[in-house]
Q: 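What follows is a single structure, and I will ask about it in a moment.
Throughout, a chain's letter reflects where its sequence line sits, starting with A, and its residues are numbered from 1. All values derive from a computational prediction rather than experimental measurement.
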Amino acid sequence: MTGSPGREWARTLNPEQREAVAHLHGPILVLAGAGSGKTRVLTTRIAVLIDEHGVPPDRIFGVTFTNKAAGEMKERVARLLGRDPVGLWIGTFHSLSARLLRREAERLGFSRQFTIFDEDDRLAVIRRLLEQRSLPPKLFPPRAVQAVISSAKNRMLSAEQLAAQAGFDRLTQVSAELMDPLAARLKEQNAMDFDDLMLHPLRLFREHPDRLAWWRERFAFLMVDEFQDTNRAQYELIKALGGRHRNVFAVGDDDQSIYGWRGAEVRNMSDFQRDFPGCVLVRLEENYRSTQTILDAANAAISRNSGRLGKTLRTRRPGGEPVTVVASADERDEAEWIARELARRASAGEWALEDMAILYRTNSQSRALEEALRRAGVAYRIVGAISFYDRREVKDLLAYLRLVANPSDDEGFLRAVVAPRRGVGETSLDTFRALAAGWGKSLLEAARIADRATGLRPNVREALQRFAELIDRLRERSRHAAPVLLLEELVQAIDYEATLRAEGPDGLDRWDNVKELLAGAAEWSEIVVEDDDTTPLERFLAEAALVSAADSSQGTDGLTLMTLHTAKGLEWPVVAVTGLEDGLFPLSRSLETQHGLEEERRLFYVGLTRAKDKLYLSWARARRRGGDLRPSMISRFMEAIPDALIEEKSTASLWSSKRVSGGWLAPWESVTAPRATPVRLYAINEDELNQDAPRLIRGERVRHRRFGSGTVQGLAGVGKDLKVSVLFDDETVGLKQLLVAFAALERDWGE
DNA sequence: GTTTCGTAAATTTTT
DNA sequence: TTTACGAAAC
């Protein structure tokens with residue numbers, strides 16, 4: 001439809017999509033079910049705005065959930081238009097905010113070279129604040145404090161407001177006390193954390209109404225994707241920017257809200273209709289992705305949640321392969337089965353490896369899967385886990401560049417100055433920091449005059465000065481040299497290759513990463529951003545700070561491994577959701593509240609709806625957690641899925657071959673009927689299954705911390721009141737009635 | 001006395 | 001992978 005989207009687009013959309021795309025002025029909320037073509041709607045609408053209504057691209061502000069999604073959308077818009085939408089602001093909340101803030105920093109008391117602190121940087125600051133106040137990290141874990149502060153900021157609470165909520169909770173009290181000092185430290189360092197990127201624009205708009213007016217005028221059309229995952233501050237930002245033209249196009253799905261733990265508020269979806277009167281509501285319920293079978297399973301699962309906005313997905317793909325539910329002995333068994341099964345289907349030519357994804361709840365689950373895939377010779381790539389920019393050597397080099405761009409960045413200083421080691425240790429740095437604070441100078445400024453630092457040993461003073469000279473030399477160069485040249489000079493100056501090689505075999509990999517960073521930086525230097533007055537170095541650093549796990553796209557060969565969270569918004573013909581065990585998925589911590597459980601269920605729903613053609617769901621009867629093997633029960637989510645959709649498998653077919661050679665199979669598995677073991681066997685009966693009862697069975701061997709080993713005699717009660725009677729081997733103990741919820745029984749494996 | 005290096009413990013999900 | 005702690009090395 002190149003060149004004339006206006007005439008073409010209508011034919012390719014269904015009526016609801018058409019309505020959404022055609023909507024020009026005023027607020028609109030699009031309830032877009034999974035796979036309902038919302039990306040197509042968003043991109044088409046942008047193209048239509050530009051081409052048909054003559055809206056200049058630079059007056060459109062589009063928020064996506066990842067930078068990668070932003071890039072893809074920009075490309076699709078370009079394809080529809082037949083030209084680049086030059087000036088279009090599209091990106092994540094964080095990257096768009098950072099971009100806006102570069103231009104407004106001075107008005108907020110920052111300089112435009114402000115550093116974006118990641119979680120580690122902020123944590124280091126919090127640690128020091130706690131230390132200064134002699135608050136023991138044992139009682140006030142820095143991570144917990146950080147979580148409380150971050151959540152407060154996401155909810156736009158002031159220190160006073162948080163303190164008012166704290167009651168007698170010391171952790172919250174302390175967090176509230178640290179909020180303002182933290183903000184002060186960040187400002188001193190000319191730094192903002194992720195939350196600040198949302199809050200500072202709001203402050204700007206509050207304090208400078210003229211700037212609010214300016215930005216409102218500039219962005220006449222706002223579009224927000226994944227609206228269900230916006231937090232309070234983000235929503236306020238949208239309200240502020242959309243406050244004049246009110247052309248806000250919000251797309252979301254309450255059933256896919258999975259970032260509540262990060263401050264996201266689904267409530268924003270209903271608030272939107274209240275805050276933007278006259279809001280048009282469009283439902284996209286036609287699913288273009290999955291088979292009827294997959295959709296039935298997903299609908300059944302999510303129907304257990306309460307308070308949904310309501311929406312039922314339809315598909316035109318009847319039938320489909322049944323959902324395969326796999327029971328395995330442990331996580332290695334599970335991984336092995338999946339690896340073989342996917343390899344089998346790939347070699348049968350049914351799907352390419354690239355069409356497959358294995359999803360899991362926690363990153364730590366990837367390990368067993370990786371090992372199995374390697375053993376099976378299956379190509380794979382892991383998305384997320386450790387982002388490239390999170391690697392130590394990369395972070396070390398970036399710390400130097402941060403310091404070059406922003407001389408006040410003390411966290412960057414502290415990291416760079418010890419990488420590589422230059423004879424300045426923790427004690428010296430403590431002394432030095434106190435000195436610098438006394439002088440009222442940043443660490444870099446203080447380092448320049450370190451010769452005056454009596455109290456530091458001469459070799460330390462010397463090292464600090466040399467370090468400052470290096471940074472200053474690089475800054476001088478940074479006026480004209482591209483980031484890649486700075487990096488090259490830096491690597492040379494600190495003899496980084498030799499440093500890394502000296503670290504041993506891992507050092508070689510690290511050096512490879514450094515080379516990769518150089519290559520990446522080289523590309524960055526070439527990118528010209530049309531309407532942007534930022535320097536390449538600033539853009540490079542902002543990019544590095546804001547890339548997300550999901551943004552990596554390198555190495556597209558093989559099947560994909562990622563967490564369920566990262567998988568949001570993506571799709572594959574074949575999807576395996578693994579680790580479906582109570583306590584893992586849903587994660588035990590989330591079981592404390594109904595809210596938590598429902599969010600986990602939405603995550604489950606997200607997982608199921610990633611699949612187009614074929615879905616595997618797997619669980620392991622035991623899993624290693626922190627070293628020891630612990631029995632598990634099938635996830636309570638599974639009970640919602642109608643039997644008629646399911647084909648049950650166990651890894652039994654693998655066992656026969658395994659048992660001969662492999663010794664890793666748990667002994668009790670071999671006495672259980674190996675073939676055709678139904679998943680359901682691990683519930684005592686259907687009633688209890690529906691009550692989420694632990695799947696203990698009579699005759700099973702269990703171990704108790706105090707009473708030792710014994711045999712299960714019977715069970716009584718349901719849910720939390722479930723009691724198990726165990727005849728312990730130790731005759732002085734004998735028969736005991738135990739509450740399963742408290743007894744912490746482990747399955748006894750024998751020896 | 002300080003720095004550096006080795007080992008152990010811990011890690012839900014992530015911008 | 002980072003942090004925390006103890007021991008060896010400077």
Q: Nearest whole Å is fine: how far is C:dC10 C1' from A:R422 CZ?
A: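 Those two atoms, CZ and C1', are 18 Å apart.
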Q: In whole angstrom, give the distance that lies between atom CG of A:L123 and atom P of B:dT15.
A: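 Those two atoms, CG and P, are 17 Å apart.
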Q: Can you tell me how the ring of A:F604 sits relative to the ring of A:F637, calling it parallel under 30°, perpendicular over 60° and tilted otherwise?
A: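 Ring orientation, 0 to 90° scale: parallel.
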Q: Once you round it to whole Å, what is the distance between C1' of B:dT15 and CG of A:L96?
A: 12 Å
Q: Between B:dT15, C:dT2, B:dT14, which nucleotide gets closest to the side-chain atoms of A:F194?
A: B:dT15
Q: Could you check A:G425 against A:R262 and say which one's nearest nucleotide on DNA chain B is further toward the 5' end?
A: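 Nearest-nucleotide comparison on DNA chain B picks A:G425.
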Q: Consider only side-chain N and O atoms of A:T566 and A:T563, and report whether a donor and an acceptor are under 3.5 Å apart.
A: yes
Q: With a 4.0 Å cut-off on N to O distance, would you call A:R127 and A:E131 a salt bridge?
A: no
Q: Please walk me through it: do A:T560 and A:I358 pass side chain to side chain contact (heavy atoms under 4.5 Å, CB included)?
A: CA-CA 6 Å; A:T560 302; A:I358 305 176; over 6 Å; no
Q: Report the distance from atom CG of A:L414 to atom P of C:dT3, rounded to the nearest whole Å.
A: 12 Å
Q: Could you tell me whether A:R415 contacts a base, only the sugar-phosphate backbone, or nothing, with contacts defined as non-hydrogen atoms closer than 4.0 Å?
A: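 Contact class for A:R415: sugar-phosphate only.
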Q: Can you measure A:I258 atom CD1 to B:dT14 atom C1' for me and round it to whole angstrom units?
A: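 Distance, rounded to whole Å: 10 Å.
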Q: Out of B:dT2, B:dT14, B:dT15, which has the shortest distance to the side chain of A:T427?
A: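 Of all the options, the side chain of A:T427 is nearest to B:dT2.
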Q: Can you measure A:F432 atom CZ to B:dT2 atom P for me and round it to whole angstrom units?
A: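 So the two atoms are 17 Å apart, to the nearest Å.
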Q: Does the side chain of A:E393 come under 3.5 Å of the side chain of A:W511 through a donor N or O and an acceptor N or O?
A: no
Q: Under the salt bridge (charged side-chain N to carboxylate O under 4.0 Å, His left out) test, which residues partner A:E119, sequence neighbours left out?
A: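 Once residues adjacent in sequence are excluded, the partners of A:E119 under the salt bridge (charged side-chain N to carboxylate O under 4.0 Å, His left out) criterion are A:R122.
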Q: Taking the six-membered ring for Trp, are A:F110 and A:F114 parallel (under 30°), tilted (30 to 60°) or perpendicular (over 60°)?
A: perpendicular
Q: For A:K138 and for A:D120, find the nucleotide of DNA chain C with the closest heavy atom, then tell me which residue's nucleotide is more 5'.
A: A:D120
Q: Does A:V460 or A:F93 map to a spot on DNA chain B nearer the 5' end, using the closest nucleotide for each?
A: A:V460
Q: Between B:dT13 and A:T566, is there an OP1 or OP2 to side-chain N/O distance shorter than 4.0 Å?
A: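 So the side chain of A:T566 is outside the cut-off, no N or O lying under 4.0 Å from OP1 or OP2 of B:dT13.
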Q: Shorter than 3.5 Å, N or O on both sides, protein versus nucleotides 5-12 of chain B: list them out with atom names.
A:
| residue | atom | partner | partner atom | Å |
| --- | --- | --- | --- | --- |
| B:dT12 | O2 | A:R361 | NH1 | 3.1 |
| B:dT12 | O2 | A:R361 | NH2 | 2.5 |

Q: In whole angstrom, what separates A:Y605's OH from B:dT13's C1'?
A: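 So the two atoms are 20 Å apart, to the nearest Å.
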Q: Quick one, A:L564 and A:I258 - any side-chain contact, counting heavy atoms below 4.5 Å?
A: no
Q: What is the distance, to the nearest angstrom, from the CG atom on A:N231 to the C1' atom on B:dT15?
A: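 The answer, rounded to whole Å, is 10 Å.
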Q: Compare the minimum distances between each of B:dT14, C:dT3, B:dT3 and the side chain of A:R127, then state the nucleotide with the smallest one.
A: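 Of the options given, the side chain of A:R127 lies nearest C:dT3.
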Q: Categorize A:E119 for me: base, sugar-phosphate, or nothing, with a 4.0 angstrom heavy-atom threshold over every strand shown.
A: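 It contacts base atoms.
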Q: Distance check, C1' atoms only: C:dA4 and B:dT12, in whole angstrom units.
A: 23 Å
Q: If you check the A:K395 side chain, which of C:dT3, C:dT2, B:dT15 turns out closest?
A: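 Of all the options, the side chain of A:K395 is nearest to C:dT2.
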